[in-house]
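Shown next, in structure tokens, is the structure this report addresses.
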Amino acid sequence: MKKTQVAIIGAGPAGLLLGQLLHKAGIDNIIVERQSGEYVLGRIRAGVLEQVTMDLLKQAGVDARAHAEGLPHHGIELLFKGARHRIDLHGLSGGKQVTVYGQTEVTRDLMEARKAEGRETIYEARDVSLHDFDSDRPRVRYVKDGATHEIECDFIAGCDGYHGVSRASVPQQALHTYEKVYPFGWLGVLADVPPVSHELIYANTTRGFALCSMRSTTRSRYYVQVPLEEKVENWSDEAFWNELRLRLDPEAREHLVTGPSLEKSIAPLRSFVAEPMRFGRLMLAGDAAHIVPPTGAKGLNLAAADVGYLARALEIFYGEKSSSALDRYSDLCLRRVWKAERFSWWFTSLMHRFPETGEFGQKIQEAELDYLVHSHAASTSLAENYVGLPVEDF
Ligand code: FAS
Ligand code: PHB
């Protein structure tokens, strides 16, 4: 039987960042992960970090490469009716910025720091189950190499994503979920080609949404909206690049550099929140508790903020023998989560093509975008949400 103070389920960014923050606070923890480390690193996901996330990476002692290799971005462009309009994030948010640095690299930095500090991560753990988290001696059980193991702990942190076991272990009557599934997905391509522009371009077109993003000055990440039933095998690289071209303005079309895809996948879009985020000695964090459509680049950043709150609450519990912060954990997370849910839903609704709203819906979106890019108040609202709303203290 292993013993630790906090058993963390999931070695994605939420679990790894929590593990690092707890270690820095002198709180012992073990991470149990279903997949291999290589598999986790192979998932291509987020690309934009808020300052709140960068600050937490610094607190975790893993921000060096993000500062050295990450790209500070002071603006984004909105493309509609064939023209691009820049939103001055830095000027409109009182000097804030976002950093373009892939989730894969964040995960790699956290994995390497954890390994260097000799912290225990159990990869390829099967049949993970949670027990007695309504008592003060919860346990986690898992199978590894054919043998069943058990971890006795003070707390369990469910950082195992939308399809994880943690939320599924909560009695249904104790949980209230809210969900909206969007009638389309994002077909994404990663390619070692220079980005079409030095900032991100979010495009609203009559053919559907497109996003031009990047991972560095030599590696680009592009997305086009596709119908929900679309299959990635139906999309050759050439078909993708041709469709992207049709959704760009003439200048971007001229500057687009194409090449073979390193990764190509379709991600479904949903808004989802589970309330509350704490059940006795089990706390949920990140995608285990909430999902946002990636339009607002909030998913990874919300996960980071959750574990920043959770690490602080556990530090207060062990340091001051007080559960006051833990008692506020769920409410504090959910206040910021719902604001990010609203922003992500609003930006998704504004930028994507909804067949059921027809030509009138397209004209309304174009009118709102025209208002947005010419209104200081509306642009300021977009900017302060995009760079990330402030986190509150306990
Ligand atoms: P994760 O899902 O990243 O990690 C959970 C971990 O738990 C995984 O490693 C999983 O293997 C493990 N796990 C699951 N079940 C388990 C079990 N039973 N036992 C043990 N371990 C278990 N966000 C953005 O901001 N921008 C984007 O462009 C973007 N694109 C995305 C594309 C896709 C396809 C997906 C699914 C998400 C995307 N996101 C994006 C959101 C994404 O970045 C998440 O917000 C982020 O990964 C959240 O991190 P975690 O909460 O750690 O969850
Ligand atoms: C990405 O680079 O993957 C990315 C950037 C911004 C988003 C979504 C995804 O809003």
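No experiment lies behind these values; they were computed from the predicted model shown. Every number for a ligand or one of its atoms is a count from 1 in the order of the listing.
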Under 4.0 Å from any heavy atom of Leu200, which atoms of ligand 2 are there?
5 (C), 6 (C)
Mind checking what makes side-chain hydrogen bond (donor to acceptor under 3.5 Å, both in side chains) contact with Tyr123, not counting sequence neighbours?
none
Quick one: does Arg221 get an N or O within less than 3.5 Å of an N or O on ligand 2?
no
Could I get the full list of side-chain hydrogen bond (donor to acceptor under 3.5 Å, both in side chains) partners for Ser93, not counting sequence neighbours?
none
Glu33 versus ligand 1: do any nitrogen or oxygen atoms come within less than 3.5 Å of each other?
yes
Looking only at distance, does Pro294 have an N or O less than 3.5 Å from an N or O of ligand 2?
yes
Would you mind listing which atoms of ligand 1 come within a distance below 4.0 Å of any non-hydrogen atom of Gly286?
51 (O)
I'd like to check which ligand 2 atoms, numbered from 1 as shown, lie under 4.0 Å from a non-hydrogen atom of Val48.
5 (C), 6 (C)
Ligand 2 contact by Arg215, heavy-atom criterion under 4.0 angstrom
yes
Among Ser344, Cys212, Ser213, which one has a heavy atom closest to atom 2 (O) of ligand 2?
Ser213
So, Tyr182 versus His352, ring centres under 6.0 angstrom or not?
no
Would you say Tyr202 and ligand 2 have an N/O pair spaced under 3.5 Å apart?
yes
Nearest candidate to atom 5 (C) of ligand 1, where distance is taken over non-hydrogen atoms, out of Gly10, Ser129, Cys159:
Cys159
Quick note on ligand 1: atoms under 4.0 Å from a heavy atom of Ala267 include exactly 34 (C)
Using atom types as modelled and distance alone, determine if a side-chain donor or acceptor of Arg126 lies under 3.5 Å from a backbone N or O of Val128.
no
For atom 2 (O) of ligand 1, the option (of Arg45, His163, Glu124, Arg43) bearing the nearest heavy atom:
Arg45
Are the charged groups of Lys298 and Glu50 less than 4.0 angstrom apart, N to O?
yes
